[in-house]
Peer 1: 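Once you've had a glance at the structure underneath, I'll fire off some questions.
All ligand and atom numbering here is 1-based and tracks the order in the structure. Numbering starts at 1 and runs along the sequence shown. All values below come from the heavy atoms of this structure, side chains included, with hydrogens, waters and symmetry mates left out.
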Amino acid sequence: MSKGKFISFEGIEGVGKSTTINHIKKFLEKKDIDVYCTREPGGTNFGESIRNILLNNKSIIYPEAELLLMFASRNQHIEEVVIPKLEKGIWVLCDRFIDASYAYQGYGKKVKSNKIDLLVKNFTKKIQPDLTIFFNLNYDLAKKRFPKNKKKDRFENLDNEFFYDVYSGYLELVKSNKKRIKVVDSNQSKEKVCNEIKKIITKTFKNFNI
Ligand code: TMP
């Protein structure tokens, strides 16, 4: 049996990743592909506990401690979920992965990239997405989409400057990983975004006759 494919989805908050991921899941399932959706931080019981701490407004967490928690969650997720699913031939769709650590903790919180490199090298079992979709929407546009009545989490409460840095960080990551990261203009209808992603997936995995 061939291994499953690993696709990650990235972008700043408010770009509409979650609903799109569910559409992509259905699209692939119609092509008889087994699909598993997951997320980071989280994706396991242990990881979801860490996620609660990370997103809780009451938590006081310094940038490097935050980075380590992201990787504790990620390491568990890779061992418990990602590798076993891929080995069973299941495709894994992951809402955020390693790129988010470079964008948020690196570019956003100014943790040095060599510290992130070290964690990637030693604690991620060499797992890299086969394809990453970057939902491209700048912060000023994304912010307009934030639900008005939802209580903001610890990240959503950060200031505009932080998100400008995260967004430009993502653009840098796109530039240096052109083959893996594909950009989708998210300033258009969800339907159009979905169709673009479907085309990218069909092209990237042409051997699978999607
Ligand atoms: P989510 O609500 O989009 O699932 O993401 C939770 C938050 O965690 C989001 O603000 C981005 C942040 N995050 C990081 O800061 N570093 C990471 O490595 C990951 C995976 C997420």
Peer 1: Would you say ligand 1 has an N or O under 3.5 Å from any N or O of Asp95?
Peer 2: no
Peer 1: For ligand 1, which atoms, with element, lie under 4.0 Å from some heavy atom of Pro41?
Peer 2: 8 (O), 19 (C), 20 (C), 21 (C)
Peer 1: Under a 3.5 Å threshold, yes or no: a donor from one side chain and an acceptor from the other, between Asn138 and Tyr164?
Peer 2: no
Peer 1: Between the side chain of Ser59 and the main-chain N/O of Ile53, is any donor-acceptor distance below 3.5 Å?
Peer 2: yes
Peer 1: What residues form a side-chain contact (heavy atoms from CB on, under 4.5 Å) with Glu172, not counting sequence neighbours?
Peer 2: Tyr107, Lys175
Peer 1: Suppose I only count heavy atoms of Glu13 and a 4.0 Å limit; which atoms of ligand 1 are within that range?
Peer 2: 9 (C), 10 (O)
Peer 1: Check this for me - ligand 1, Arg39, N or O atoms closer than 3.5 angstrom, yes or no?
Peer 2: no
Peer 1: Is the closest N or O pair between Arg74 and ligand 1 shorter than 3.5 Å?
Peer 2: yes
Peer 1: Would you say ligand 1 has an N or O under 3.5 Å from any N or O of Ser101?
Peer 2: yes
Peer 1: Could you tell me, atom by atom, which parts of ligand 1 come under 4.0 Å of a heavy atom of Glu40?
Peer 2: 20 (C)
Peer 1: Could you tell me which residues satisfy salt bridge (charged side-chain N to carboxylate O under 4.0 Å, His left out) with Glu80, sequence neighbours excluded, listed by chain and number?
Peer 2: none
Peer 1: Rounded to the nearest 0.5 Å, what separation is found between the CD atom of Gln105 and the NZ atom of Lys115?
Peer 2: 13.5 Å
Peer 1: Classify the side-chain pair Tyr102/Asp117 by whether it contains a donor and acceptor separated by less than 3.5 Å.
Peer 2: yes
Peer 1: Nearest heavy atom to atom 11 (C) of ligand 1 wins, so pick from Lys109, Arg154, Arg96.
Peer 2: Arg96
Peer 1: Number the atoms of ligand 1 from 1 as they appear, then name those within less than 4.0 Å of a heavy atom of Lys17, with their elements.
Peer 2: 3 (O)
